[in-house]
Enquirer: 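One structure, as structure tokens, below. Some questions next.
Numbers restart at 1 for each chain; the letters A, B, ... are given by sequence-line order, proteins then strands. Reckoned from all heavy atoms, side chains included, excluding hydrogens, waters and symmetry mates.
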Amino acid sequence: MDLLDFARGPAIEFSLAVFVLGTIWRLAAVLLLPRRGDLSKAREGAPSRVSGAMGTVFRRMWPNKAFIHRTIFTTLNSYVFHLGLAIVVFGFVPHIQFIHGLFGVSWPGLPTNFIYGVGVITLVSLFAALARRLFHPVGRLLSGVSDYISWFMTAAPVLTGLLATSHLGARYETLLAIHILSVAAFFIWFPFGKLMHAFLFVFSRGATGARFSHRGVNV
Amino acid sequence: MSTAQATAPAFDSQGKLGNEERVEEAMHGFVREFGVTAALHMESCVRCGMCAEACHFYLATGEAKYTPVYKLEPFRKAYKREMGPFAPIYRLLNLASKVTIEELENWQELIYDSCTMCGRCTMVCPMGIDIAELVKEARHGMFRAGLIPERLALMDRTAKAWSSPATPAEDLPDIVEEIAEEHGVEIPCDLEKADYLVTVAPAELGDHTKALADAAKIMNKLGLSWTMHQEGFDASNIGFIDGDTDLQERLTRNIIDTAIKIGAHTVILPECGHAYGAARWEAARWYGHQLPVRIIHMTEFLAEVIGRGDLKVKPIGETGTFHDPCQMVRRGGLEAAPRIVMKALGIDLHELKDTGNLGFCCGGGGGVVSNQRATPLRYKVFEMKMRQVDDTGAKRFITSCGQCRITLDMGAKHFNWDKRPESLLEMVADNLAD
């Protein structure tokens, strides 16, 4: 078995198993904790808790105008790399073929050159996020090893993917194997670090939305 | 005082627990009532630091340590090691160190002096994390560890003895009688039966007696059956603020049990934000079911009786701006009520730049106003509010929380400001139509 076979086979399978089981474990460990219900009488005219939760899930897609000028860099940059990642992961034809191999579903892909451009922008955006974490006093204070690992695990597949697409630095098969291994590392790390916010954000926002809509506050 | 002096780490301690016991108590107190929401919020943070951009303490000083989520750091660490989904792995591989007593001591300033639990950070967090609530949970731990500011500890001890941090319960009838005489208004006390139980915050039996007298004037004008009662009179609830959950429960029960005992259908809370948080939104948890009495803030009450036409007021016809008390508005849902009252008073309202749910805290909430060593920091925050008020060009500066009023008044005196915060309740009472 060569490196590419290992990456495509046992490595990605193991990483997906860790990803699925770890994610389920982390979600279950939190969501199955006791619920301390709010027994206070709801504000007259308050929406249902579900409606309040959903409202906050969507409202937090963009900061309130009171905060926008102070958070514009983080907000825009986050949108750039999140959307960039989504386009690259779900729009690149080889990725769609890979997903088809796993789940049997597929959809039309986007042109490779376009994906390449988006990949470059995404990588630049990720480096901008890293720079802020390293040089802004608040970012630096809040960041720990886990945060830098999460950044690396996100940036590495983008970088290795760009290298593989460009055939830069080594044989294509080697570059592809490294790219797939970096994706496997991403999946393995996913449940343990803050990448889990991809699932948790709905519950986290929703819990606050439910708490405050009950009181008649749109948060 | 320089910024360095103003923000130097400081801590007080109470009791005789050893260091290890203090750490254990802090962690136990923190996780004691940990439910799914708190855990979700501990898990979801992406460490983006956007919460700093909403916090008045960070904005006023530019010091990164005032980033709201950073104030929870020892508790985040403890959660990860002791309670999180992968806690056994973290312990086994020693990936998260134990919280130390030094960390807790150093964090006392961040948890008590530089957080008013105003929840503005909750409004900006892209994950929707209710950081203010987590700080409150952290305070539960700090209280159990005997690591709270001494001023708050003193108030706690007093409230345990007197059911109020300022007034012995048995003195209430005499004090109320004096206030009634001074202001020429009848204030019923300790009636056996009444429809409304009217409560106060400590200042209304001290510096703000006019507010109590004005509440009485309005209740009497409405012809309502009401009383104050020494068994349940102080709604400010220091336990809600300092982290003493046992005291919070006791003070809450004093009020609700008294209301039930006298057959009251409604408890009217004073112009006090934290009283609203403690009684309106948290009281039911101690009873295990929805309360049999209605809890209503004085401003909410005024908006209702004015809205129904039961109480008529004369228009003032002046410009005014309004400071939204955080616990009442952002965390309580009463943004509309004071505006209904001000509209009835004919106030030409010039809103602050940051208003309603997004208004800045006065800087004194969460016990910070009583915490002497936080004074320099509080003044820095006050300057932000002062600038926003001046920018409106409004003549009157109005609020509906006694604690905010005290904080803002102290700031105004310190800076020789030409404005003083005014009570909305007093404004209504001064302008009742015949």
Enquirer: Test your reading of the model: is there a side-chain donor-acceptor pair from B:Thr37 to the backbone of A:Ala207, 3.5 Å cut-off?
Expert: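 Such a contact is absent between B:Thr37 side chain and A:Ala207 backbone.
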Enquirer: Which atoms of B:Leu358 come close to chain A, meaning under 4.5 Å heavy atom to heavy atom: side chain ones, backbone ones, both, or neither?
Expert: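 Side chain only.
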Enquirer: Donor-acceptor pair, A:Arg35 side chain versus B:Gly35 backbone, under 3.5 Å?
Expert: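 Side chain of A:Arg35 to backbone of B:Gly35, a donor-acceptor pair under 3.5 Å: no, none is there.
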Enquirer: Between B:Asn357 and chain A, with a heavy-atom cut-off of 4.5 Å, which part of the residue counts as in contact: side chain, backbone, both or neither?
Expert: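 Interface part for B:Asn357: side chain.
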Enquirer: Using only atom types and a distance under 3.5 Å, with no angle test, would you say the side chain of A:Thr208 pairs donor to acceptor with the backbone of B:Gly128?
Expert: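 Such a contact is found between A:Thr208 side chain and B:Gly128 backbone.
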Enquirer: When only heavy atoms count and the cut-off is under 4.5 Å, which of residues 287-296 of chain B reach chain A?
Expert: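 Heavy-atom contacts from residues 287-296 of chain B to chain A are B:Gly288, B:His289, B:Gln290.
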Enquirer: Is there a side-chain contact between A:Asn64 and B:Val124 (heavy atoms, below 4.5 Å)?
Expert: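 Answer no - side chains too far apart.
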Enquirer: So do the side chains of B:His41 and A:Ser204 get within less than 4.5 Å of each other, counting heavy atoms only?
Expert: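 They are in side-chain contact.
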Enquirer: Mind checking whether B:Met83 and A:Leu33 have side chains closer than 4.5 Å, heavy atoms only?
Expert: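 The answer is yes; the side chains approach within 4.5 Å.
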Enquirer: So for A:Pro63, is it side chain, backbone, both, or neither that comes closer than 4.5 Å to the heavy atoms of chain B?
Expert: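 Only the side chain of A:Pro63 comes within 4.5 Å of chain B.
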Enquirer: With a 4.5 Å cut-off on side-chain heavy atoms, are A:Arg43 and B:Leu334 touching?
Expert: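 Yes. Closest side-chain heavy atoms under 4.5 Å.
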Enquirer: Where on B:Thr67 is there a heavy atom nearer than 4.5 Å to chain A: the side chain, the backbone, both, or neither?
Expert: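 Interface part for B:Thr67: side chain.
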Enquirer: Please classify the contact between A:Phe203 and chain B as side chain, backbone, both or neither, with a heavy-atom cut-off of under 4.5 Å.
Expert: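 Both backbone and side chain.
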Enquirer: Let me know if A:Phe192 has heavy atoms under 4.5 Å from chain B in its side chain, its backbone, both or neither.
Expert: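 Its backbone and side chain both get close to chain B.
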Enquirer: Under 4.5 Å from any heavy atom of chain A, what part of B:Ala54 do you find: side chain, backbone, both or neither?
Expert: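 Looking at B:Ala54, backbone and side chain both touch chain A.
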Enquirer: Hey, are the side chains of A:Phe67 and B:Arg120 touching, using non-hydrogen atoms and a 4.5 Å cut-off?
Expert: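 They are in side-chain contact.
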Enquirer: Considering only heavy atoms, which portion of A:Thr56 lies under 4.5 Å from any heavy atom of chain B: side chain, backbone, both, or neither?
Expert: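 Looking at A:Thr56, nothing touches chain B.
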Enquirer: Do any N or O atoms from the side chain of A:Arg26 and from the backbone of B:Pro85 form a donor-acceptor pair under 3.5 angstrom?
Expert: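 Answer holds: no.
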Enquirer: Is any side-chain heavy atom of A:Arg70 closer than 4.5 Å to one of B:Leu59?
Expert: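 Yes. Closest side-chain heavy atoms under 4.5 Å.
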Enquirer: If we ignore hydrogens and angles and just use 3.5 Å, is the side chain of A:Arg133 paired with the main-chain N or O of B:Arg47 as donor and acceptor?
Expert: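 At least one qualifying donor-acceptor pair exists.
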Enquirer: Test side-chain contact (heavy atoms from CB on, under 4.5 Å) on A:Arg215 and B:Tyr276; report intermediate values, then the result.
Expert: CA-CA 11 Å; A:Arg215 302 180 185 185; B:Tyr276 194 62; over 6 Å; no
Enquirer: Where is the tightest heavy-atom contact between A:His136 and B:Tyr58, given as atom of each residue plus distance?
Expert: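 Heavy atoms of A:His136 and B:Tyr58 come nearest at CE1-OH, 3.7 Å.
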